[in-house]
Engineer: 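Handing you this structure, nothing more for now.
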Amino acid sequence: IRIDKDDAGVEYLVVDDKPLPITRGIGPTAAGIGQPLKEIFEPGRFGYLDGPSGAYDSQARLKLMDQDRIDISVLFPTLGLIWEPGITNIELSSAYCRAYNNWIMDFCSADPKRLVPVAHIVLLDIDEAIKEVQRVSKLGIKGVFVCAAPANKRAFWDRAYDPLWAVLQDDDLSIGFHTAVHEDFLGHQWISEEHADFMDESFVYFQCLPLVADVQAAFASLLQGAVFDRFPHLKVNFLEVGAGWIPHALDRWDSKYKKIGYKTGLKQLPSEYFARQCWISFDPDETTIPYMVQRYGAERFIWASDFPHWDGSLDALGETKEAIAPLSPQEQQCILGD
């Protein structure tokens, strides 16, 4: 896997020795934090390595954390959000995951107390995913990440995932469901094929919005399959889709549960599972954080910087502190670190 350039100087990912078209323009998208977007999205103006070196160099990352007054960072993939949906070869996809997981663990070894690695797990083959979870668990990984739209096209209510949930629960590993770029996103039929790359402005903006649905669908499918009942100690994170949708979703799902919940096998309201086993990361620009914290408790919410993506914030911590200022000091500290 590698980054290459086309004749216009625009970067894209090469996987299995073939260009992955949807990744054209990966440089400014993946590493354009704090840059003038109109300028860096011009073809050939900005590459991945033009972004902050803290994205791929651990010592640079630690220096940035010092500058930004961040004690500990939990690190999720960036390029992994892009390559996974483009590969159907199980052996190759699994190898990419192992290579990334080895790399991120090595990256974090620069300061294991401050840099916390999360393993990338691909679900093309669930047995292969379980093997990788077991491998990284023995090496000290505390959590895993999966794309919310699984590459195997199986909904998370499918009992085929039960052995995976069991391993995660038994090893006390959290699992994070994250948005990822893929060509089957909600509304993909409205985008012409020739615009299926990051360099098309309408495509970028449009795709950012409905990708939220992938994480929401993952949550709903876990509920539909009564996964939280069978695995009451499974820890689930919902990542990079904001948190403001949670009150609406839980209100709606609770209401439907009271009418047709008997069809799901659930023993409790969806909101009760969320309060017991789920966490959600929010973006610093959300205005509804104090309301949600008062309703569901500060311990359910985690702040995120989205470093080094184009839509991330260079002052994520400062903006987060401003957003949660109406909360009590104890609630603020719970969100900021505890």
Side-chain angles (χ1 to χ4, degrees), residues 1-2 13-18 20 74-109 112 115-182 184 214-215 217-219 221-222 225-239 277-279:
I1 189 168
R2 65 185 187 275
L13 274 185
V14 177
V15 295
D16 199 13
D17 290 327
K18 295 184 289 289
L20 195 57
V74 181
L75 305 179
F76 291 85
T78 282
L79 300 186
L81 304 178
I82 303 170
W83 68 255
E84 179 187 331
I87 300 179
T88 57
N89 183 310
I90 293 172
E91 185 177 359
L92 182 64
S93 184
S94 299
Y96 282 169
C97 266
R98 288 192 300 272
Y100 171 79
N101 293 337
N102 291 340
W103 176 82
I104 192 63
M105 286 186 286
D106 183 60
F107 181 100
C108 292
S109 69
L115 299 171
V116 180
V118 174
H120 184 178
I121 303 299
V122 169
L123 299 175
L124 270 178
D125 183 284
I126 297 172
D127 290 336
E128 282 295 316
I130 291 171
K131 289 179 185 177
E132 183 62 3
V133 170
Q134 292 170 327
R135 184 182 79 91
V136 297
S137 179
K138 292 176 182 177
L139 296 174
I141 286 280
K142 301 301 182 185
V144 305
F145 146 93
V146 297
C147 291
N152 61 28
K153 311 295 184 183
R154 283 186 172 184
F156 292 113
W157 63 60
D158 195 314
R159 289 293 186 111
Y161 291 106
D162 278 9
L164 174 62
W165 310 142
V167 169
L168 292 168
Q169 178 176 259
D170 292 346
D171 287 5
D172 195 27
L173 300 177
S174 68
I175 180 169
F177 293 87
H178 198 291
T179 58
V181 173
H182 59 92
D184 295 326
D214 289 341
V215 173
F219 189 9
S221 65
L222 293 173
V227 172
F228 296 114
D229 281 313
R230 294 197 305 283
F231 303 95
H233 301 292
L234 181 66
K235 299 176 181 178
V236 175
N237 308 314
F238 303 109
L239 305 166
Q277 293 177 240
C278 301
W279 290 261

Engineer: Verify side-chain contact (heavy atoms from CB on, under 4.5 Å) between Phe177 and Asp214, making sure each step is shown before the conclusion.
Structural biologist: CA-CA 9 Å; Phe177 293 87; Asp214 289 341; over 6 Å; no
Engineer: Find out whether Leu168 and Val133 are in side-chain contact, i.e. whether some heavy atom of one side chain is under 4.5 Å from a heavy atom of the other.
Structural biologist: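 Yes, side chains in contact.
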Engineer: Donor-acceptor check, side chain of Ser93 to backbone of Asn89, threshold 3.5 angstrom: yes or no?
Structural biologist: no
Engineer: Are any non-hydrogen side-chain atoms of Phe107 and Leu75 less than 4.5 angstrom apart?
Structural biologist: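 Phe107 reaches Leu75 side chain to side chain.
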Engineer: Walk me through whether Asp125 and Glu91 qualify under side-chain contact (heavy atoms from CB on, under 4.5 Å).
Structural biologist: CA-CA 9 Å; Asp125 183 284; Glu91 185 177 359; over 6 Å; no
Engineer: Should the pair Phe156 and Trp165 be assigned to parallel (<30°), tilted (30 to 60°) or perpendicular (>60°) ring geometry?
Structural biologist: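 Because their plane-to-plane angle lies in the 30° to 60° range, the rings of Phe156 and Trp165 count as tilted.
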Engineer: Which heavy atom in Ile121 sits nearest to a heavy atom in Val146, and how many Å separate them?
Structural biologist: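 Looks like O-CG1, 3.6 Å.
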Engineer: Tell me if the CH2 atom of Trp279 is crowded by more than 12 foreign heavy atoms within 6.0 Å.
Structural biologist: yes
Engineer: Enter the distance from Lys153:NZ to Asp158:CG here, rounded to the nearest 0.5 Å.
Structural biologist: 15.0 Å
Engineer: How long is the gap from CD on Glu132 to CG on Leu164, to the nearest 0.5 Å?
Structural biologist: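 Those atoms lie 12.0 Å apart.
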Engineer: Would a distance-only check, ignoring hydrogens and angles, find a side-chain to backbone donor-acceptor pair under 3.5 Å from Asn101 to Cys97?
Structural biologist: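 Yes; at least one donor-acceptor contact below 3.5 Å.
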Engineer: Is there side-chain contact between Leu234 and Val227, with at least one heavy-atom pair below 4.5 Å?
Structural biologist: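 Yes - at least one pair of side-chain heavy atoms lies under 4.5 Å apart.
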Engineer: Quick one: closest heavy-atom pair of Phe145 and Leu81, and the distance?
Structural biologist: CZ-CD2, 3.3 Å
Engineer: Enter the distance from Leu222:CG to Cys278:SG here, rounded to the nearest 0.5 Å.
Structural biologist: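 Here the interatomic distance stands at 7.5 Å.
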Engineer: With rounding to the nearest 0.5 angstrom, report the CD1 to CD1 distance, Ile87 to Ile90.
Structural biologist: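 Spacing of CD1 (Ile87) from CD1 (Ile90) equals 12.0 Å.
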Engineer: Do the charged groups of Lys142 and Asp172 touch, with an N to O distance under 4.0 Å?
Structural biologist: no
Engineer: State, with a plain yes or no, whether a side-chain heavy atom of Ile130 is found less than 4.5 Å away from one of Arg135.
Structural biologist: no
Engineer: Which atom names give the shortest non-hydrogen contact between Ser137 and Asp171, and what distance separates them?
Structural biologist: OG-OD2, 3.0 Å
Engineer: Please assess Met105 against Leu139 for the test side-chain contact (heavy atoms from CB on, under 4.5 Å), listing each intermediate value before the final yes or no.
Structural biologist: CA-CA 9 Å; Met105 286 186 286; Leu139 296 174; 3.6 Å; yes
Engineer: What's the spacing between Arg230 CZ and Gln169 CD if we round to 0.5 Å?
Structural biologist: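 One gets 11.0 Å once the value is rounded to the nearest 0.5 Å.
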Engineer: Sub-3.5 Å donor-acceptor pair from the side chain of Ser109 to the main-chain atoms of Asp106, do we have one?
Structural biologist: yes
Engineer: Identify the two heavy atoms, one from Ala218 and one from Ala148, that lie closest to each other, and give their separation to 0.1 Å.
Structural biologist: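 Smallest heavy-atom distance, with atoms named: CB-O, 4.0 Å.
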Engineer: Go through His120 and Trp83 one step at a time and tell me if the ring pair (Phe, Tyr, Trp, His ring centres under 6.0 Å) criterion holds.
Structural biologist: CA-CA 12 Å; His120 184 178; Trp83 68 255; 5.3 Å; yes
Engineer: Would Asp16 and Tyr96 count as having a side-chain donor-acceptor pair, cut-off 3.5 Å?
Structural biologist: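 Tyr96 and Asp16 do not have a side-chain donor-acceptor pair below 3.5 Å.
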Engineer: Please step through side-chain contact (heavy atoms from CB on, under 4.5 Å) for the pair Val74 and Val118, ending with a clear verdict.
Structural biologist: CA-CA 7 Å; Val74 181; Val118 174; 3.5 Å; yes
Engineer: Which atom names give the shortest non-hydrogen contact between Ala155 and Tyr161, and what distance separates them?
Structural biologist: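 In terms of heavy atoms, the two residues are closest at O-CE1, 3.0 Å.
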Engineer: Are Leu20 and Val14 side-chain neighbours, meaning at least one heavy-atom pair lies under 4.5 Å?
Structural biologist: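 When only atoms from C-beta onward are counted, Val14 and Leu20 do not touch, as no gap falls below 4.5 Å.
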Engineer: Evaluate the ring planes of Phe228 and Phe219, with Trp represented by its six-membered ring, and classify them as parallel (under 30°), tilted (30 to 60°) or perpendicular (over 60°).
Structural biologist: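 The arrangement is perpendicular - the two ring planes meet at more than 60°.
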Engineer: Any chance the side chains of Gln277 and His233 put a donor and an acceptor closer than 3.5 Å?
Structural biologist: no
Engineer: As an exercise, state the distance from NE2 of His178 to CG of Asn237, rounded to the nearest 0.5 Å.
Structural biologist: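 Here the interatomic distance stands at 11.0 Å.
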Engineer: Heavy atoms only: give me the nearest Gly80-Cys147 pair and the separation to one decimal.
Structural biologist: O-SG, 4.4 Å
Engineer: Would you say the side-chain atoms of Asn152 pair up with the backbone N or O of Arg154, donor to acceptor, closer than 3.5 Å?
Structural biologist: yes
